[in-house]
Amino acid sequence: MGFKERLKSISENSKVCNIILAVIVVLQIMVVSYYFIFEKEGYHSDEVWSYGLANSFYEPFIYGDTLSQDVSKCHKWVDGSDFLHYLTVQKGEQFRYDSVWYNQSIDMHPPLYFTLLHTISSFFPDTFSKWFGYVINIAAMAVGQVFLYKLGKTASKSKIFGLLLCVMWGFSCGFINLNVFVRMYSLVTMFGILYLYYHCRLYYGEGTVKSNLIKIGIFAFLGALTHHYFLVAAFGIAACYCFYYLFKKQFRMMFAYALTMLGSIGLSIAVFPATIHHLFFMENTESRLATKMPLIHSFRSCVSIVLNAITGISISPFATSWYSYVVVAVVLLAAVCIPLGFLFRKEEWFKKAMGKAGDAWKYVRKNFDFFFLFALMGTAFEMIVVSLSVNINVMLLHTDRYLFVVMPWAAFVILRAVWYIFTWIKPVRKFTAPIVAVVTCVLVVTSNLLCEKRYLFPNDMMGDGLIEDTCSPNSEYILCVNYEWVITCFTDKLIDCGRYFPTTVYTYSYDLDEMSKMDLTKDCYIIVDASQLRKTDVFNDKNDDGKVTIGNATFDLDENAFADSVSEQDVIDDFEQKVFPGYKLQFYSSQRVMGSMMHTFKIVPEEEYSDVPVIDADMEKDKMTESSVN
């Protein structure tokens, strides 16, 4: 039996394909788990917020009071148990979904993912574990890949294509980034695949219309309760189907489909009414941080992010000169062809050629795979809305989180296009499957070589140990960070500490008296956000009373009290001379937290102070530069 016959035999054997699929999925989960366990060193603030929003009892944000979020918890001593209570479910608070609903109404996401995380955490009160969130990702990975295979098989009528689609997406860097990120994106991507799969069955007539519409409605409902950007992707596909049925004059089908979609989305809003506020009235703070790119540049950035995640290919957001060449080429071609067509319009050969062209166009119209176009349009629509609503200058490559839901759709479109190309080339048509398999393997390799695994967050630690190594019930901390919300990033690191005092690099000098109440008989540390010690301008928010609001705190400040710049040595001198006379700040370690270099100093008596190796300033500068670029 030759290679072609063996390939055909495999493609016709469902049992063999199912076994291969199972092996592929297990390998992919193992690869992602390797990165999650051994390579992931830090966490994005949103990952910590996943636990806080799911498990804290009516306290969405650690830096605000329990029920009144406009009152700051900063600039005062706080018991370390606050961190534990924020991240974990306490006894007596298990399965309190009313708290989850409240927290999410104050935040900006639907509650389904946080409900699942709260449910898992409720079985383990007073316990924090990164695995509680990761098991949701594992389940979403497995289910999503199985239905992605079904999607590819149904659309192409080829089990081989379905398997190659799973390989292409499941071993890509985008898949790794998606699933090492402990957030709702794995779950919503799974719902996106299920949503597209049942649309595929509806288009190709597999199963009953009623069954497919019910399942489309269910997954639209669940997706809408997982992330608001799912609504964007879902609308892109739904609009295509409505126009498709309209043009085919299938009005009854169009109304049935439209009512299904409207009903499922309306039900999701009824279940979580805060969706309306999130979508239409939530203030977009990102837009104030930097000037947004023009739409065409933002869209090209989104296309580049998706292509890079799946294939390793990148395109420049600003390289737009090729549009001019395309326009010029089209104009020149039209200038030549239109006069020639008019000149030869009565020639027999020209009439035959036009007749064949007309027949070809009728064939294309009759046999065109509109589902391929729908998947492409849905993906493009998501990119357009993300381009309009997200400030990519601020989010940079982390914009990919808003595009995760359509990345499997994009993988389907890319691989389907490759499959089409080789089936159209007659000399290689019979070798389409092996050629596409080679292309798939090449794309997997280039994706992992050329795309950054940006959710591993290396800590770049230098010194005696990690921040979490210092933590014990006998330890106290002063956190001198850039913004109050950054305190969230320390909750898992200092979950067992005795007390902590949160302040900012801009306002710490106004907290000196309160910070002096630190119990120096314990293990005492000061953590300084060294990467943010720079010239500051905090007076733009001065109100009518002459007071300045920084984060959630309001101060009566004098502009002359601020020097042009703040150095780390200034901070050290203030603590040693004004807060803890007779004590020294001894460098303990340097560690990257949420992209910023945090310097940890231990407060020791002068007689115990010893010189320590100086931090390599060039190395620190390089790391900060690299972080800002990424």
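Judged purely by atom type and a 3.5 angstrom limit, T260 has no side-chain atom pairing as donor or acceptor with the backbone of L213. Between the side chain of H278 and the main chain of D107, a donor-acceptor pair closer than 3.5 Å is present. Within the 3.5 Å criterion, the main-chain N or O of Y609 finds no donor-acceptor partner in the side chain of Q586. Distance alone, capped at 3.5 Å, places no donor-acceptor pair between the Y63 side chain and the Y483 backbone. Panel note: side chain E576, backbone L585; a donor-acceptor pair is recorded below 3.5 Å. A donor-acceptor pair under 3.5 Å is absent between the side-chain atoms of R96 and the main chain of F57, judged by distance alone. Judged purely by atom type and a 3.5 angstrom limit, N179 has no side-chain atom pairing as donor or acceptor with the backbone of S186. Put simply, the side chain of S268 gets close to the backbone of I265: a donor and an acceptor are under 3.5 Å apart. Judged by distance alone, with hydrogens and angles left aside, the side-chain atoms of S121 form no donor-acceptor pair with the main-chain N or O of F128 at under 3.5 Å.
Residues that satisfy the ring-ring contact (aromatic ring centres under 6.0 Å, His included) test with Y35, not counting sequence neighbours, are absent from this structure. Listed by chain and number, the residues in a ring-ring contact (aromatic ring centres under 6.0 Å, His included) with Y86 amount to none (sequence neighbours excluded). Among residues two or more places apart in sequence or in another chain, the side-chain hydrogen bond (donor to acceptor under 3.5 Å, both in side chains) test is passed with E514 by K517. Judged as a side-chain hydrogen bond (donor to acceptor under 3.5 Å, both in side chains), and not counting sequence neighbours, the contacts of K578 are D574. Scanning for ring-ring contact (aromatic ring centres under 6.0 Å, His included) contacts around W131 gives F36, Y134, with sequence neighbours left out. Residues satisfying the ring-ring contact (aromatic ring centres under 6.0 Å, His included) criterion with F83, sequence neighbours excluded, are Y500. Annotation: side-chain hydrogen bond (donor to acceptor under 3.5 Å, both in side chains) contacts of T119 (sequence neighbours excluded): Y97. By the side-chain hydrogen bond (donor to acceptor under 3.5 Å, both in side chains) test, Y43 is found to be paired with no residue, residues two or more places apart in sequence or in another chain being considered.
The CG atom of N459 sits 8.5 Å away from atom CE of M597, with the distance rounded to the nearest 0.5 Å. Distance OG/S33 to CG/N137: 9.5 Å, rounded to 0.5 Å. Distance check, rounded to the nearest 0.5 Å: CG of L87 to CG of D82 gives 10.5 Å.
Closest non-hydrogen pair, W169 versus A411, comes out as CB-CB, 4.1 Å. Summarising the geometry of G170 relative to F175, their closest heavy-atom pair is O-CD2, 2.9 Å, with the distance given to 0.1 Å. For the pair C451 and R454, the tightest heavy-atom approach, listed with the atom from each and the gap, is SG-NH2, 4.2 Å. Taking both residues in full, the closest heavy atoms of I467 and Q591 are given as N-OE1, 2.8 Å, listed atom of the first, atom of the second, then distance. Here the closest heavy-atom approach between residue T189 and residue P408 is recorded as CG2-CG, 3.5 Å. Nearest heavy atoms, V25 versus A142: CG1-CA, 3.9 Å.
M598 has its side chain within reach of V486: a pair of non-hydrogen atoms, C-beta onward, lies under 4.5 Å apart. Taking the side chain as every heavy atom from C-beta outward, M518 and F501 never approach each other to under 4.5 Å. Using a 4.5 Å heavy-atom threshold, the side chains of I136 and I120 count as touching. L397 is listed as a side-chain neighbour of E452, based on a closest heavy-atom distance under 4.5 Å. No side-chain heavy atom of V571 sits less than 4.5 Å from a side-chain heavy atom of V505. For the pair L112 and F272, the minimum side-chain heavy-atom distance is 4.5 Å or more. Looking at heavy atoms from C-beta onward, I526 lies out of side-chain contact with M515 at the 4.5 angstrom threshold. Side-chain contact between H118 and T115 is absent, with no heavy-atom pair separated by less than 4.5 Å.
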Using distance only, find each side-chain donor-acceptor pair of residues 191-198 under 3.5 Å and give its atom names and separation, not counting sequence neighbours.
residue, atom, partner, partner atom, Å
Y195, OH, A234, O, 2.9
Y197, OH, R201, NH1, 3.4

Pair up each side-chain donor or acceptor in residues 487-494 with any protein partner under 3.5 Å, not counting sequence neighbours, and list the distances.
residue, atom, partner, partner atom, Å
T488, OG1, W485, O, 2.8
T491, OG1, T488, O, 2.8

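For H227 and F404, the gap between ring centers reaches or exceeds 6.0 Å. A centroid separation of less than 6.0 Å is found between the aromatic rings of F95 and F123.
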Working for side chain to side chain contact (heavy atoms under 4.5 Å, CB included), residues Y102 and I106: CA-CA 6 Å; Y102 170 81; I106 299 298; 3.8 Å; yes
Worked verdict on F124 versus T88 for side chain to side chain contact (heavy atoms under 4.5 Å, CB included): CA-CA 8 Å; F124 306 94; T88 67; over 6 Å; no
CA sep, side-chain torsions, deciding dist, call: H44, F457, ring pair (Phe, Tyr, Trp, His ring centres under 6.0 Å): CA-CA 7 Å; H44 192 281; F457 299 109; 5.8 Å; yes
Stepwise side chain to side chain contact (heavy atoms under 4.5 Å, CB included) check, V271 with W101: CA-CA 10 Å; V271 170; W101 244 248; 3.7 Å; yes
Evaluation steps, side chain to side chain contact (heavy atoms under 4.5 Å, CB included), between V390 and Y229: CA-CA 11 Å; V390 176; Y229 273 102; 3.3 Å; yes
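Residues N474 and S472 bring no donor and acceptor atom of their side chains to less than 3.5 Å of each other. There is a side-chain donor-acceptor pair under 3.5 Å between Y455 and D400. Side-chain contact check for S389 and Y402: no donor-acceptor pair (N or O, by modelled atom type) lies under 3.5 Å.
Sorted by first and then second residue, the salt bridge (Lys or Arg N to Asp or Glu O under 4.0 Å) pairs with a member in residues 23-44 read K40-E47; sequence neighbours excluded. Residue pairs that meet the salt bridge (Lys or Arg N to Asp or Glu O under 4.0 Å) test with at least one member in residues 121-140, sequence neighbours left out, do not exist here.
Note: H599 and F601 have perpendicular aromatic rings, judged against thresholds of 30 and 60 degrees for the angle between ring planes. Between F114 and H109, the ring-plane angle classifies as tilted under the 30° and 60° cut-offs. Using a 30° and 60° split on the angle between ring planes, F580 and Y583 fall in the perpendicular class, above 60°.
Ion pairing of K602 with D464 is absent here, as no side-chain N (NZ or NE/NH1/NH2) approaches a carboxylate O to less than 4.0 Å. We find that R499 and D519 are not joined by a salt bridge, their nearest charged nitrogen and carboxylate oxygen being 4.0 Å or further apart.
The only option from T470, T600, D523 that meets the side chain to side chain donor-acceptor pair (under 3.5 Å) definition with Y477 turns out to be T470.
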